[in-house]
Amino acid sequence: MILSLDAQGIATMNFDQTFRPQIDDLLLVLDEAINDDDVKGLLLVASDSNFIADEKNIDEDNVAKLFARMLERHRVLRRLETCGKPVAIALSGGAVGVSLELAMVTHYRVASDVVAAQFGISPNSPGRMPGSGGTQRLPRLIGIQNAFSMLLDNKKISVAEALAQQLVHALAPAGSESNEARLWLLSKLVQASVVQQSWDVKGYKVPGGAVSSPAIQQLLMITNAMLRARSHAHNHVLDKASVNTLSSVYEGLMTDIDTGLKTEARYFVNAIT
């Protein structure tokens with residue numbers, strides 16, 4: 001894994017057909033970059049929507065070890081958000097699954113304005129739920145109702161929808177998204193701007209209503225009933241990953257992001273063990 005560092009202190013990592021790391025391997029490199037004083041900002045460049053490889057070798061039998069692994073993952077991702085260094089990502093083909101989970105950690109997301117680009121959050125592996133912050137960051141970005149359609153119904157949205165819902169910050173002509181993201185980074189470095197995620201800003205509110213709002217409470221009841229109905233349609237076998245995803249959103253969004261990520265880790269481990 002190579003991070004190229006330019007004269008302005010921007011470290012760039014390119015993901016393509018030949019480089020699709022697993023998330024925990026990638027985080028080791030990013031953690032080093034966070035600690036490197038020469039690195040002033042980070043630019044991630046992704047050529048397709050699945051630029052992070054599916055997870056392998058998950059030890060489902062060692063619950064304590066798996067839970068610790070998930071907490072460590074969240075720790076590094078949170079450091080990436082809160083270390084003070086601006087992080088941008090250029091997306092040529094959208095982002096799905098854990099790739100989108102990583103993209104949501106960045107402070108600025110530029111997508112190529114192409115019809116084929118799609119954004120989705122559901123993991124490719126059956127019986128899995130998002131485990132890299134997807135149940136916490138997605139609803140905090142686009143609202144609980146919009147998030148449920150992606151988290152529980154496997155809905156993928158277009159690049160235009162992603163922009164309208166503020167899942168991405170800007171669109172760029174195909175081939176120029178990397179340059180647009182780099183220009184944003186340079187502007188932040190010149191201005192010495194403080195970069196923060198919206199949920200780390202005092203007074204933040206969940207778009208579309210908090211968990212406690214009457215409309216969202218009703219949505220939660222309807223969604224829970226929908227999941228129960230699905231289990232009846234499948235010989236009363238409850239989709240544990242979906243139920244845990246719902247619980248993770250509900251419980252996590254009643255708290256701060258750090259507590260919410262611990263909640264997700266707990267439900268992720270429970271869903272596969």
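Sequence positions, counted from 1, serve as the residue numbers for this chain.
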(message) Test side chain to side chain contact (heavy atoms under 4.5 Å, CB included) on L102 and L77; report intermediate values, then the result.
(response) CA-CA 8 Å; L102 175 63; L77 289 172; 4.0 Å; yes

(request) Take L163 and D113 through the test side chain to side chain contact (heavy atoms under 4.5 Å, CB included) and record every step on the way to the result. (result) CA-CA 10 Å; L163 179 64; D113 191 6; over 6 Å; no

(request) Report the C-alpha distance between V105 and V87 in whole Å, list the side-chain angles of each, state the deciding distance to 0.1 Å, and finish with yes or no for side chain to side chain contact (heavy atoms under 4.5 Å, CB included). (result) CA-CA 8 Å; V105 175; V87 185; over 6 Å; no

(message) If you apply the rule side chain to side chain contact (heavy atoms under 4.5 Å, CB included), what do you find for E177 with L91, and how did you get there?
(response) CA-CA 7 Å; E177 58 276 355; L91 301 163; over 6 Å; no

(message) Between R266 and E251, does the salt bridge (Lys or Arg N to Asp or Glu O under 4.0 Å) criterion hold? Intermediate values first, please.
(response) CA-CA 11 Å; R266 176 164 49 86; E251 294 179 25; 3.3 Å; yes

(request) Take R75 and E72 through the salt bridge (Lys or Arg N to Asp or Glu O under 4.0 Å) test and state the conclusion after the steps. (result) CA-CA 5 Å; R75 182 194 69 80; E72 173 62 13; 2.8 Å; yes

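For Q145, the CD atom sits in a loose shell: 12 or fewer heavy atoms of surrounding residues, nucleotides or ligands are nearer than 6.0 Å. Annotation for Q218: atom CD does not count as buried by contact number, only 12 or fewer foreign heavy atoms lying within 6.0 Å. By the neighbour-count criterion of 12 heavy atoms within 6.0 Å, atom CZ of F148 is densely surrounded, having more than that number from other residues, nucleotides or ligands.
Note on M70: it clusters hydrophobically with V63, by side-chain heavy-atom contacts below 4.5 Å among ILVMFWY residues. The hydrophobic cluster containing W184 does not contain V39, counting ILVMFWY residues as joined when their side-chain heavy atoms lie under 4.5 angstrom apart, directly or transitively.
Side chain to side chain, R79 and N35 meet the donor-acceptor criterion of an N or O pair below 3.5 Å. Judged by distance alone, the side chains of R182 and Q8 do bring a donor and an acceptor atom under 3.5 Å apart. A donor-acceptor contact closer than 3.5 angstrom links the side chains of T259 and D256. No donor-acceptor contact under 3.5 angstrom links the side chains of S198 and R140, judged on distance only.
Shown here for Q118 and K156, the closest heavy-atom pair between the two residues is OE1-CD, 3.5 Å. G143 and V206 make their closest contact through CA-CG1, 4.4 Å (heavy atoms, listed as atom of the first residue, atom of the second, distance). Among all heavy-atom pairs drawn from M129 and A241, the shortest one is CB-O, 3.8 Å. When every heavy atom of S92 is checked against every heavy atom of S47, the shortest pair comes out as CB-O, 3.8 Å. A117 approaches G94 most closely through the heavy-atom pair CB-N, 3.8 Å. Between V159 and F119, the closest heavy-atom pair is CA-CE1, 3.8 Å.
Checking each of M104, R137, Q166, M150 against I142 for a side chain to side chain contact (heavy atoms under 4.5 Å, CB included) leaves exactly one that passes, namely M150.
One finds a salt bridge joining E81 and R78 here, because a Lys/Arg side-chain nitrogen approaches an Asp/Glu carboxylate oxygen to under 4.0 Å.
Note that CG of L138 and CG of L167 are 6.5 Å apart. Values are rounded to the nearest 0.5 Å. Remark: H107 NE2 to I89 CD1 distance equals 12.5 Å, nearest 0.5 Å. Taking CZ of F15 as the start and CG of N50 as the end, the distance is 12.5 Å to the nearest 0.5 Å. Within the model, atoms OG of S248 and CG of L151 stand 9.0 Å from one another, a figure rounded to the nearest 0.5 Å.
Relative orientation of the Y204 and W199 rings is perpendicular, given thresholds of 30° and 60° on the angle between their planes.
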